[in-house]
Amino acid sequence: MKKISIIIPAYNEEESLPMLYDRLEKLMSSMQNYEFEILFVNDGSKDKTIQLIKEYREKDNRICYVDFSRNFGKEIAMIAGLDYATGDCVIFMDADLQDPPELIPELVKYWEEGYDDVYAKRKSRAGETWLKKFTSKMYYKVLQSLTNVPIQKDTGDFRLLDKRCVNALRKMRETQRCSKSMFSWIGYNKKEVLYDRDPRVAGKTKWNYKKLIDLAIDGITSFTTSPLRISTYLAIPTFLALFIYFIYVICKMILVTHKIDAYQAIILLILFFSGIQILLFGIIGEYLGRIFNETKNRPLYLVNEYNGKREENE
Ligand code: UDP
Ligand code: MG
């Protein structure tokens, strides 16, 4: 019997969990010919999330959990899920039921047909603000314009991945993670499934605009070094302008005025070049920061316990 691992990152989700468990239980009993593992990654929740998960595990050993030592963020929770999943395929799902579990049989159907990465694409997004939809659309546009790897539009993390995608993703240990671009990067046979994204069943969203902007910057810089090329593009016309202006000033001095009206020219030039330098330093700093983070070579996350067993850090 094939085993399906459903990975669910959860951060302060005590209100959604009972409904989630109900819907998952119905789903599992409707798919009798598969074995299931529901792997919660408790991302340092401050409410009763982990207690609830442990209660579920007591009565149902298909429930597994990885309990983080603190909040590490959803991206890290996802890689931890991949590390601990034991199934022949994994399915990522949010704990707030925005991704309907009822779509899972369809994802599995395509997996059985031989697709490795079956991703659910949103037809609609109920319960999300106009601004959030607009910003996420712009983000995809920018990300796509910077790279040759095709990025799937309007897809969240709700998707099914075959074992070999899981193995590929496990090898990608970078600290600043952007799963979306990683899913594109690994390639393999992809299949799109359309669905309507529901509003959150309970609780509040954990996102705010600062987190989203951070994610966007991480996504772009971890995926491509083309922002570094901005410096080249800016520098070429700047030096050209400098060269022409220099010739012009010299010629004018020799032929017409015999002196340079330097004061304004110098101020303008200083402003101009210091502006560009600041911009470039900013970009270089971005990448330096990333190199710094990677070279530290820290583990991506620390686990407090796995299925009730205390993890020792060797
Ligand atoms: N989440 C997490 N760690 C965090 C923030 C969120 O594991 O630091 C989980 C959260 O519990 C949920 C999923 O990520 O299962 C999506 O979060 P949310 O619904 O808040 O995001 P949105 O759907 O609004 O983008
Ligand atoms: Mg949500």
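Because the structure is predicted, anything quoted here is derived from the model rather than measured. Atoms within a ligand are numbered from 1 in the order they appear, just like the ligands themselves.
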- Pairing of Asp67 and Lys54 as salt bridge, 4.0 angstrom limit: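 Answer for the salt bridge query: no.
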
- Item | Glu112 and Lys2 ion-paired at < 4.0 Å |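 A salt bridge is present here (some side-chain N lies under 4.0 Å from a carboxylate O).
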
- Query: Would Asp117 and Arg159 satisfy salt bridge (charged side-chain N to carboxylate O under 4.0 Å, His left out), going step by step from the backbone distance to the final call?
  - Reply: CA-CA 7 Å; Asp117 176 0; Arg159 63 172 69 215; 2.8 Å; yes

- Message: Give me each pair satisfying ring-ring contact (aromatic ring centres under 6.0 Å, His included) with a member in residues 8-49, each pair once, sequence neighbours excluded.
- Response: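 Non-adjacent pairs meeting ring-ring contact (aromatic ring centres under 6.0 Å, His included): Tyr21-Tyr56.
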
- Query: Checking Asn189 side chain against Asp116 main chain: does a donor-acceptor pair fall under 3.5 Å?
  - Reply: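 Side chain of Asn189 to backbone of Asp116: no pair is present.
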
Output, or 'none' if empty, a list of ligand 1-protein atom pairs in which both atoms are N or O and the distance is under 3.5 Å, rounded to 0.1 Å.
residue	atom	partner	partner atom	Å
ligand 1	3 (N)	Asp43	OD2	2.6
ligand 1	8 (O)	Asp43	OD2	3.4
ligand 1	8 (O)	Asn71	ND2	3.2
ligand 1	11 (O)	Tyr11	N	2.9
ligand 1	11 (O)	Glu13	OE2	2.6
ligand 1	15 (O)	Pro9	O	2.8
ligand 1	15 (O)	Ala95	N	2.9
ligand 1	19 (O)	Asp96	OD2	2.6
ligand 1	19 (O)	Arg200	NH2	2.8
ligand 1	20 (O)	Arg200	NH2	3.2
ligand 1	20 (O)	Thr205	OG1	3.4
ligand 1	20 (O)	Lys206	N	2.7
ligand 1	21 (O)	Trp207	NE1	2.8
ligand 1	23 (O)	Gln98	OE1	2.5
ligand 1	23 (O)	Arg197	NH2	3.2
ligand 1	24 (O)	Thr205	OG1	2.6
ligand 1	25 (O)	Lys132	NZ	3.3
ligand 1	25 (O)	Trp207	NE1	3.1

- Query: Near the Mg ion (ligand 2), which protein N/O/S atoms are found at less than 2.8 Å?
  - Reply: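 N, O, S partners closer than 2.8 Å: Asp96 OD2, Gln98 OE1.
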
- Is there a donor in the side chain of Asp99 and an acceptor in the side chain of Tyr195, or the other way round, less than 3.5 Å apart?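 Checked: Asp99/Tyr195 side chains pair up, N/O donor to acceptor below 3.5 Å.
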
- Query: Are Ser179 and Glu75 close enough that a side-chain donor and a side-chain acceptor fall under 3.5 Å?
  - Reply: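 Yes - a donor-acceptor pair under 3.5 Å links their side chains.
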
- Query: Taking the six-membered ring for Trp, are Tyr306 and Tyr84 ring centroids under 6.0 Å apart?
  - Reply: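 Ring centres of Tyr84 and Tyr306 closer than 6.0 Å.
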
- Where at least one partner belongs to residues 168-180, residue pairs that pass salt bridge (charged side-chain N to carboxylate O under 4.0 Å, His left out), sequence neighbours excluded: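 Output for this query lists Asp83-Arg173.
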
